[in-house]
Amino acid sequence: MKYIDEYRNKDIVAYFANQIKNISTKPIRLMEVCGGHTMSIQKFGLPFLLPDTVELVSGPGCPVCVTSREYIDRAVAYSRVEDVIITTYGDLIRVPGSSSTLEKEKASGADIRIVYSILDAMLIAKENKNNRVVFLGIGFETTAPSSAAGILKASTAALNNFFVYSAHKVMPPAMETLIDEGIQIDGYVGPGHVSTITGKGIYENIPAKFNMGVVISGFEPVDLMQSIFMLVKQFETNDPKVEIQYSRVVKPEGNVVAQQMLEEIFEFRDDWWRGLGILKNSGLQIRSKYEKYDAEKMVSVEVEETIEPKGCICGLILRGEKKPKDCGLFGKICTPSDPVGACMVSSEGSCHAYYLYNR
Amino acid sequence: MCLSIPARVDKIEDNIAICTVGKSSYNTSLELIPNENVQVGDYVLIHTGFAIQKLDTEEANNILSTFEEFKELNEEMDREEQKHNTRII
Ligand code: SF4
């Protein structure tokens, strides 16, 4: 079975492009929430296959992009502590903080290691008993369960030099806030991998409350085109609902074991999102039962004052109000090799995707 | 980081599946899908070192088989592309 090849099959993509053209009579604006979708849409040039009536805007679903500078600043501060080893996903390393990045700190001698999984970070903790190992836990519902599993394991193994600095966030508050604040969209291309964990229930509010649909989509061109078709159809027939296009992966109830693990380890807190500000119950913090593994509680540091970069409109882009090309720094001062804002650093960031595929 | 990849399970040892993606192989924890009864040959979705879902092969084939009938169209487009030496899609 060749999953990928077949979901890139051009006749199917063309078929949906045609179907969309056939049924779309009035202008519709769809937001793809997930950064992975943004990347795919730009890479495969999907906007060029759509009729003029259909507009796509990207949303706040790039975890690196919505993470606060304050978070980076604190991570930088941790990395300057003598006995601390920072373990992180690669995406975060070049994100600018107020005065430094993890990459720069690493160059000047801090022990910062890129890991692929929290399990690798725990291995480092096991092998370096005299150090404190801080794992930078970022990401939405897709990634948070692996952090939860890690913390659970650490607690079973009594791994006492391992700490997680959580900036994990949950998607629904951001999706609702955007509409509440009057962003003009007519439907959501729902995040496929977040929904793999959560199931479709977390979006049920949206059609009822805002009269717009959510279609949970896969990441290949065929997936996205079919999802757009489903949303246009809902819109044209005035029948907004939550549907799953990505049914080969997403079960309506999601991954229940992962949900239970999240519940065991984390509780909600209000959290700050770039472009959206503070959203109620949108962040995950480690429950006090597991505070032994919470870097915020266990590893104290002084953090410099946060300064936001001038001219970067990343926040507005994450709200779907502006496109990367509207930014005066885009492609000139701000490039993937010398990024000003987080949206240019992450491969899932809009500015990065536009820079690579749609300049 | 937020991306997840479908991969074939080649071997299972304890709770770790050894999976192939392209030419690389990954150790993948199965602890988030303990009840899925993952077997060698199954496809799982991997995210940051953990399998987060077993892929439903039947579902995957379902949507694709609907489009068998468009094979001809595909071939025609291939011929068009070759004729004009440009990529249509
Ligand atoms: S191009 Fe750079 S500076 Fe402009 S919004 Fe994007 S990340 Fe910010």
Side-chain angles (χ1 to χ4, degrees), chain A residues 1 3-4 6-7 9-15 17 34-36 39 44-45 49 61-64 89-92 115-120 138-140 142-143 145-147 149 152-153 191-194 196-197 219 221-222 226 245 247-251 254-258 261 346-348, chain B residues 1-8 15-16 21-22 24-36 38 41-81 87-89:
Chain A
M1 189 174 46
Y3 271 118
I4 303 271
E6 291 174 337
Y7 282 92
N9 186 319
K10 65 180 97 169
D11 57 346
I12 308 179
V13 170
Y15 167 77
C34 173
M39 202 163 78
F44 294 102
L49 303 176
C62 155
V64 171
Y89 299 126
D91 315 44
L92 217 49
V115 292
Y116 162 66
S117 163
I118 191 170
L119 301 175
D120 302 338
I138 64 158
F140 301 118
T142 329
T143 323
S146 59
S147 289
L152 218 49
K153 260 193 149 83
H193 294 144
V194 162
T196 304
I197 302 295
F219 294 80
V222 167
Q226 186 182 26
Q245 178 278 333
S247 55
R248 64 188 182 280
V249 174
V250 177
K251 308 280 166 279
N255 179 336
V256 178
V257 172
M261 226 177 255
S346 170
S347 56
E348 294 149 44
Chain B
M1 172 216 104
C2 215
L3 292 183
S4 314
I5 29 175
R8 207 189 98 101
N15 224 354
I16 300 285
V21 185
S24 337
S25 91
Y26 291 90
N27 285 355
T28 306
S29 166
L30 293 175
E31 62 202 282
L32 292 178
I33 49 169
N35 309 322
E36 295 265 4
V38 174
D42 285 341
Y43 279 75
V44 292
L45 193 70
I46 311 182
H47 181 77
T48 59
F50 289 79
I52 57 170
Q53 193 60 261
K54 184 165 105 176
L55 269 68
D56 189 332
T57 323
E58 218 169 275
E59 275 285 347
N61 286 333
N62 254 344
I63 160 172
L64 294 171
S65 61
T66 326
F67 297 97
E68 279 300 300
E69 52 195 283
F70 295 102
K71 268 221 171 93
E72 234 169 73
L73 176 70
N74 196 22
E75 282 162 13
E76 196 180 307
M77 280 170 74
D78 275 343
R79 281 195 295 274
E80 276 293 299
E81 282 191 349
R87 247 185 85 144
I88 299 174
I89 290 173

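Treat the numbers as computed from the prediction; the structure is a model and nothing was measured. Lettering follows sequence order; numbering is per chain, from 1.
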Chemist: Can you give me the closest heavy-atom contact between B:Leu32 and A:Pro145, atom names plus distance?
Modeler: CD1-CB, 3.9 Å
Chemist: For the candidates A:Ile118, A:Leu119, A:Ile197, which exhibits the highest count of non-hydrogen atom pairs separated by less than 4.5 Å from chain B?
Modeler: A:Leu119
Chemist: When rounded to the nearest 0.5 angstrom, what is the spacing between CD1 in B:Ile46 and OH in A:Tyr116?
Modeler: 5.0 Å
Chemist: Locate the shortest heavy-atom distance separating B:Glu31 from A:Ala149; write the atom from each residue and the value.
Modeler: OE1-CB, 4.2 Å
Chemist: With a 3.5 Å distance limit and no angle check, can you tell me whether A:Asn255 reaches the backbone of B:Gln53 through a side-chain donor-acceptor pair?
Modeler: no
Chemist: Side chains of A:Val257 and B:Ile33: does their closest heavy-atom pair fall under 4.5 Å?
Modeler: no
Chemist: Looking at B:Thr48, is its backbone amide N or carbonyl O close enough to the side chain of A:Ser117 to form a donor-acceptor pair, meaning the two atoms are under 3.5 Å apart?
Modeler: yes
Chemist: May I ask you to check whether A:Ser146 and B:His47 show a side-chain donor-acceptor distance below 3.5 Å?
Modeler: no
Chemist: So, taking the atom named CE in A:Met261 and the one named CZ in B:Phe50, what distance separates them when rounded to the nearest 0.5 Å?
Modeler: 8.0 Å
